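What follows is one structure encoded as structure tokens, with my remarks underneath.
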Amino acid sequence: MKGSGRRVRPGILGWLSVVILVFAVGIAIFAPIIAPHEPTGGSILSQLEPPSSTHWLGTDIDGNDILSRLMHGARPSLLGPLLVVTLALLIGVPLALISAWKGGVFDQVIGRSLDLIFAFPTVLIAAIIILAIGRGITAAIIAVSIAYIPYTARITRAAALRERNKPYIIACEVQGLSTTRIFLHHLLPNLSRFLTAQATIAFGFALVDLAALSFVGIGILPPAPDWGVMVGDTTSLVQGSYTSIAAAAVCILAVVAAFTIIGNRLSEGTERR
Amino acid sequence: MTALLEIADLRIQLPSSSRAVLLDGVSLTVDRGETLSLVGESGSGKSLTVRSVLGLLPERAKIAGEVLFEGRSIFGMSAEELRTVRRQDVAMIFQDPRASINPVRSIGDYLVEGLRTSRGLSKGEAAIEAEGWLRAVGLSSPAERLNQFPHEISGGMLQRVMIASAIGSGARLLLADEPTTALDVSIQAEIMGVLTQLQQSLGLAVVFVTHDIDLAIATSNRIDVMYAGRIVESRRAEDLHDAPWHPYSAALIGSRPLVSRRSTALRAIGGQPATADDSQGSCAFAPRCLYAIASCCDSAPEITAGSGGYVRCFRSGELRAELALAVDVPSEDLTEPESGRVVVEVRNLRKTFKMGRQGGVTVAVDDVSFTVDSGECLGIVGESGSGKTTLARLLLGIETPDSGSVMISGQPRGARPRSATQRRHWAAQLQVVFQDPYTSLDPRQTPTAAVDEILTVNSPGQSREWRTAQVDRLLASVGLEGAMRTALPSELSGGQRQRVAIAKALAASPQAIILDEAVSGLDVSIQAQVLNLLAELQRETQVTYLFISHDLAVIRQVAHRVIVMKDGKIVERGLTSRVLDSPQHDYTQRLVEAAPRPGWQPPQALGQA
């Protein structure tokens, strides 16, 4: 990235991660076109078929094509974390900037409030949200987003504080720039790479957390196609077939690993001097 | 007898990089008990040269030539042999002692471990020896020091601990890489005193890397001047100052300010330091050399030997008389500007900070009052902890004083106001240039964009054409031309960045500018350029300067009047020439005496850090 000092050196793993992500996003976008079958509404008559030329990965307990469910499942599995990370950034970053800039009472109040949220496990937050708005993907996304706000705000505050004490920001103040201008034109652009790196890592975690909520049955509800739901498909397991579970688990693993690796590579690039 | 250390035609090259050649045929010898100084600006290869003695070279570097310690090749040694050399024969101390010691282990642990590995002493013997060495480097109550941790003692004391550890190992060669650069000048004098004394009593050989040519002359037997990965001149220390043979040495001597007298104008070296890489097959200094002729650019000059030294210059023979004249810079003290209109008025300023939870209070600035006129430069001198930086922050309005007032042309200076109009007015009162040019610019903003932004904010309603013309004028006034104007800070050198910072400060058309150690991070040749530029800008615009510095020589060069600060208080004030020539206060006297200058010697008595 121009002007941010060190260049990112992705290495083989980094490039492999990029390929995996491009592939996953491509599948998610084109799932309705490229999926060989419908992801739901399969026939009991064709349940638990082994892999064949019509069903490359076989079928699950409901007779749905596993490959098609994986492809369609990529959509909520990727879109969910994207929303989570966006929401967490939208709320967490402004809180962090105000906290770092104002210091004192602001910092204390914001910091302690975030600690309070930190104290609640994600599942508990999800349970509360579900009580308020009912089960489903919206509840799961809101719950995970809330759980991620303290995390996002905490690391952003630390980075903003480091940046804020650099002479160039003090020079901006002395030169009569408004706080808004300093935030938008100087502080945020110089934090952008750090934030991108952190968001990328958080994306992977959010994917796992959302899948976990689906797994325990309070996120996306079956039979909707989703990797978390598929991992939670224990009825197939009882019948001795774990293809569905394994395939979804591999997808989650690959995408999360790819995000984490890219995030780490990006953040290595931000550690200057 | 073989020399203690011999470096023969050392060439170090990186396999593929824009600055591939780092050292280009460096040769030197150090005898037992001798002190050799390597002097040069940053990037000249002086640190790399001493590191090569310990085999501390960049990975993948291609190495040619030899480094021989007592006749044995360092590059030919096995890992085990090299370790033995590092443990017992050659010791090294660095610029920042705090960065080179493990903070969670006590001083005693550190010394004892070193003594045990280097000399095979038992724990008890090592502890007794460690105490002795701490006494030898002049630390008070050495027995108690052994139980202290690095954060409990000052940087000067810690550097003494590093010296104690280095000589305690029984090393015959000490490599000192800018060992006093991070320390206050009075501590520097003490450390150099300790080093010189120990070196004489132990017969230790020292290779001393420094950018300070006066310090080198005062403390060493021989000086090798390095430029762009080559030694351009090698001389006896006492010969170099008055009769340099190489134009670069002469330029180094002529470009640095002195505490004892003020140069009429510093002989700044134009341009930027070269690298060994872009000067293959020519004299590296030729593009900046006042005496360069056509053949300087056609081939690299070979060594010309003379009595007691050598030089690499085609014209060394004919230039000797001229260079001797060139280093004899005429001196003239500054005269007070005539205006007499008070711009900055500080009255009874006081600032305290709470320390820790016990509610202890440190007084950072204590009852400070002074005025500065328009077109005048007030020097603010003090060592670390004297309160000069807090004073700057109070003046700028970044910190709020406990009591007292700051007025700029009769208007009070407060914190940054909320309304845009008031903010513009506030910005036009006072601006600042900081020490570190690497962090004082937004890394994503080009010089043009940075200056344009300040104009946009501070002169709303002006047309884009007007702003473009102003940007052009401001950048030209600090000497930034062409591609530099649209380069990112990472692509500019330290001196160029500092010019951008000055242009930004000027863009708000301030009545006064605080220069907070604004040239301390720069090489002498670049420092001279910036000091000359500042003086010129002041003559043209009658802007007022408050020049904060720990460096008395720089203050002598730029300041009409000076205030000396210690523990938050002003201990002495007056005309710069008067204060530095006949200091009245003990503290000022100590500061002046500690500043290296021709004929200066570090104090020999082992003082207490």
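To find a chain, count down the sequence lines: A is the first, B the second, and so on, and within it residues start at 1. Given the structure is predicted, the values throughout are model-derived calculations rather than measurements.
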Please list, in residue-number order, every residue in residues 499-513 of chain B that has a heavy atom less than 4.5 Å from any heavy atom of chain A; write 'none' if there are none. B:K504, B:A505
Residues in residues 101-110 of chain A that sit under 4.5 Å from chain B, counting heavy atoms only: A:W101, A:K102
Chain B contact residues among residues 168-182 of chain A, heavy-atom distance under 4.5 Å: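 Listed by number, the contacting residues are A:Y168, A:I170, A:A171, A:E173, A:V174, A:Q175, A:G176, A:L177, A:S178, A:T179, A:R181, A:I182.
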Among [options], which has the most heavy-atom pairs under 4.5 Å with chain A?
options                : answer
B:L441, B:V432, B:T456 : B:L441
B:Q445, B:R424, B:R393 : B:Q445
B:A427, B:P417, B:G397 : B:A427

Just grab all the side chain to side chain donor-acceptor pair (under 3.5 Å) pairs involving residues 114-126 of chain A, residues at least two apart or on different chains.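 Side chain to side chain donor-acceptor pair (under 3.5 Å) check on residues 114-126 of chain A returns A:R112-A:D115, A:D115-A:R154.
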For atom [atom1] of [X], is the number of surrounding heavy atoms from other residues, nucleotides or ligands below 6.0 Å larger than 12?
X      : atom1 : result
A:F118 : CZ    : yes
A:F183 : CZ    : yes
A:I12  : CD1   : no
B:F94  : CZ    : yes
A:W15  : CH2   : no

Heavy atoms, side chains only, cut-off 4.5 Å: are B:R444 and A:S192 in contact?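 Result yes, sub-4.5 Å side-chain heavy-atom pair found.
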Using non-hydrogen atoms only, which part of [X] is less than 4.5 Å away from chain A: side chain, backbone, both, or neither?
X      : answer
B:I398 : side chain
B:D442 : both
B:Q429 : neither

